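I have placed the structure first, in the form of structure tokens, so that the comments after it can refer back to it.
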2 protein chains.
Amino acid sequence: MSQQSRDDQDALIDALAQTAFVVTAVLGRIGLEHDLSLTQLRMLGVLRDRRLRMSGLASFLGLEKSTLSGLVDRACARGLVERSADPDDRRAVIVALSARGAELAAEVFAEVSEQLLPLLAALGPAEQSRLRALLAGLLASP
Amino acid sequence: MSQQSRDDQDALIDALAQTAFVVTAVLGRIGLEHDLSLTQLRMLGVLRDRRLRMSGLASFLGLEKSTLSGLVDRACARGLVERSADPDDRRAVIVALSARGAELAAEVFAEVSEQLLPLLAALGPAEQSRLRALLAGLLASP
DNA sequence: TATTGTTATACTCTATAACTATA
DNA sequence: TATAGTTATAGAGTATAACAATA
């Protein structure tokens, strides 16, 4: 039993797309309050746990290296990230959060949690666990 | 029991954000193949079931009216949407999909389903139902 | 006067192509 | 020759401010 009709699947896909838009909108709004585009926000998020070369960061974000040059330029000018030389390869440039960038990233991502939490409050604790497990399954699928 | 620890909630928020990025990436990639930005894609999606005035469409998409003017200009130039007069208010402009726009929208959104479905295959039928219900609860919350 | 939409302007994000420096 | 980054250029998306036409 419990067959999935075409309509059921469509409804799920719709729900997923809408959820994506809602979450993205929250990220965008919080970013805006700190003068950060979604891309800058993602960059800060990626750099929270890592130091990367320009090329590595570009492929992480799915951007061309020329795009990243501009992105890093602007973040650098604002003192959020820093470029440094790679001692192993003099062509390469390492990008890392500055102290101020790390501080801002922590602040922003705390706000994100804060603003998504009320959304989650619509679900009970058991349901939250269940949702977490389901999304984990989804994300693991490659 | 079944208390939610801080870490559990953070994990759920992380999963939500990642899901949003994955879904958005799929939408973006399919859009790209048809020379449609995410915003153009959303506009087509909104106009699938509605005819709207410029102002209505702008607020639907969360954009300034001036932004929408350019967006509609470009979509118009490609023959995807059409402007027409509002008989009730000569200041207003009605935007609607053209025949070709409707065709493209149907095609693109069929592709979206096609590409998200395999992701969903990671879950069994009962889990899909459960996820749908949970997301619906989430989206209903505000 | 207030509202609807467009235009002018400016900035960010994005890619492609050409270039420099290093490997 | 090939790779890492930057620069030049161009186009889309975005907002603010000024404007025209209509209500």
Side-chain angles (χ1 to χ4, degrees), chain A residues 21 24-25 27-47 51-96, chain B residues 21 24-25 27-47 51-96:
Chain A
F21 279 127
T24 303
L27 292 172
R29 183 164 39 73
I30 294 175
L32 196 65
E33 287 165 14
H34 296 271
D35 262 299
L36 293 168
S37 69
L38 263 179
T39 307
Q40 297 274 1
L41 209 62
R42 284 181 64 206
M43 179 168 67
L44 294 192
V46 168
L47 291 178
R51 302 160 48 78
L52 287 169
R53 291 157 57 134
M54 291 292 286
S55 53
L57 183 53
S59 71
F60 218 109
L61 296 171
L63 300 171
E64 288 300 313
K65 51 191 182 160
S66 63
T67 300
L68 195 66
S69 284
L71 214 58
V72 170
D73 281 351
R74 288 182 288 271
C76 246
R78 289 179 58 187
L80 301 179
V81 306
E82 286 164 351
R83 284 177 163 104
S84 59
D86 182 341
D88 300 337
D89 183 342
R90 299 208 313 205
R91 294 171 306 179
V93 171
I94 305 279
V95 189
Chain B
F21 278 127
T24 302
L27 292 171
R29 183 162 39 73
I30 294 175
L32 197 64
E33 288 165 13
H34 296 271
D35 263 298
L36 294 168
S37 69
L38 264 178
T39 305
Q40 297 275 359
L41 210 62
R42 284 181 65 205
M43 179 169 66
L44 294 190
V46 169
L47 291 177
R51 302 160 49 76
L52 288 169
R53 292 158 57 135
M54 291 291 286
S55 53
L57 184 52
S59 72
F60 219 110
L61 296 171
L63 300 171
E64 288 302 311
K65 50 191 181 160
S66 62
T67 300
L68 196 65
S69 283
L71 215 57
V72 170
D73 282 350
R74 289 181 288 271
C76 246
R78 290 178 58 186
L80 300 180
V81 307
E82 285 165 351
R83 282 177 165 105
S84 59
D86 182 340
D88 300 337
D89 185 340
R90 300 208 314 204
R91 294 171 305 178
V93 171
I94 306 279
V95 189

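All heavy atoms count here, side chains included; hydrogens, waters and symmetry mates do not. Order of the sequence lines sets the chain letters (A, B, ...), proteins ahead of strands, with each chain counted from 1. Every value quoted in this text rests on a predicted model; they were computed, and no experiment measured them.
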> For B:Arg83 and C:dG5, is the shortest distance between a side-chain N/O and OP1 or OP2 below 4.0 Å?
Replying inline: no
> Does a side-chain N or O from B:Thr67 land closer than 4.0 Å to OP1 or OP2 of D:dG13, or not?
Replying inline: no
Looking at [options], which one has an atom nearest to any side-chain atom of [X]?
X       : options               : value
A:Ser37 : C:dA2, C:dT12, C:dT6  : C:dT12
A:Glu64 : D:dA4, D:dT14, C:dA15 : C:dA15
A:Lys65 : D:dT6, C:dT22, C:dA15 : D:dT6
B:Asp73 : C:dT22, D:dG5, C:dT7  : C:dT7

> Starting at the 5' end of DNA chain C and moving along, which residue's nearest nucleotide shows up first, B:Asp89 or A:Gly70?
Replying inline: B:Asp89
> Quick one: on DNA chain C, does B:Gly56 or A:Leu71 contact a more 5' nucleotide (nearest heavy atom)?
Replying inline: B:Gly56
>> A quick test of your reading: do over 12 heavy atoms of other residues, nucleotides or ligands sit less than 6.0 Å from CZ of A:Arg29?
In response: yes
> How far does CG of B:Leu47 sit from CG of B:Leu61, to the nearest 0.5 angstrom?
Replying inline: 7.5 Å
> About how many Å separate CG of A:Leu68 and CE of A:Met54, when rounded to the nearest 0.5 Å?
Replying inline: 4.0 Å
> Hey, which of these two, B:Arg74 or B:Ser66, hits DNA chain D nearer its 5' end, going by closest nucleotide?
Replying inline: B:Arg74
Counting any heavy atom closer than 4.0 Å, what does [X] reach on the DNA or RNA strands: base, sugar-phosphate only, or nothing?
X       : answer
B:Thr39 : sugar-phosphate
B:Leu68 : nothing
A:Asp86 : nothing
A:Ser69 : base
B:Ser55 : sugar-phosphate

>> Using only modelled atom types and a 3.5 angstrom limit, is any donor from either the side chain of B:Arg90 or the base of D:dT22 paired with an acceptor on the other?
In response: no
>> Is there a side chain to side chain contact (heavy atoms under 4.5 Å, CB included) between B:His34 and B:Leu41? Walk through the geometry before answering.
In response: CA-CA 10 Å; B:His34 296 271; B:Leu41 210 62; over 6 Å; no
> Under 3.5 Å, is there a donor-acceptor pair between the side chain of B:Arg53 and the main chain of B:Asp86?
Replying inline: no
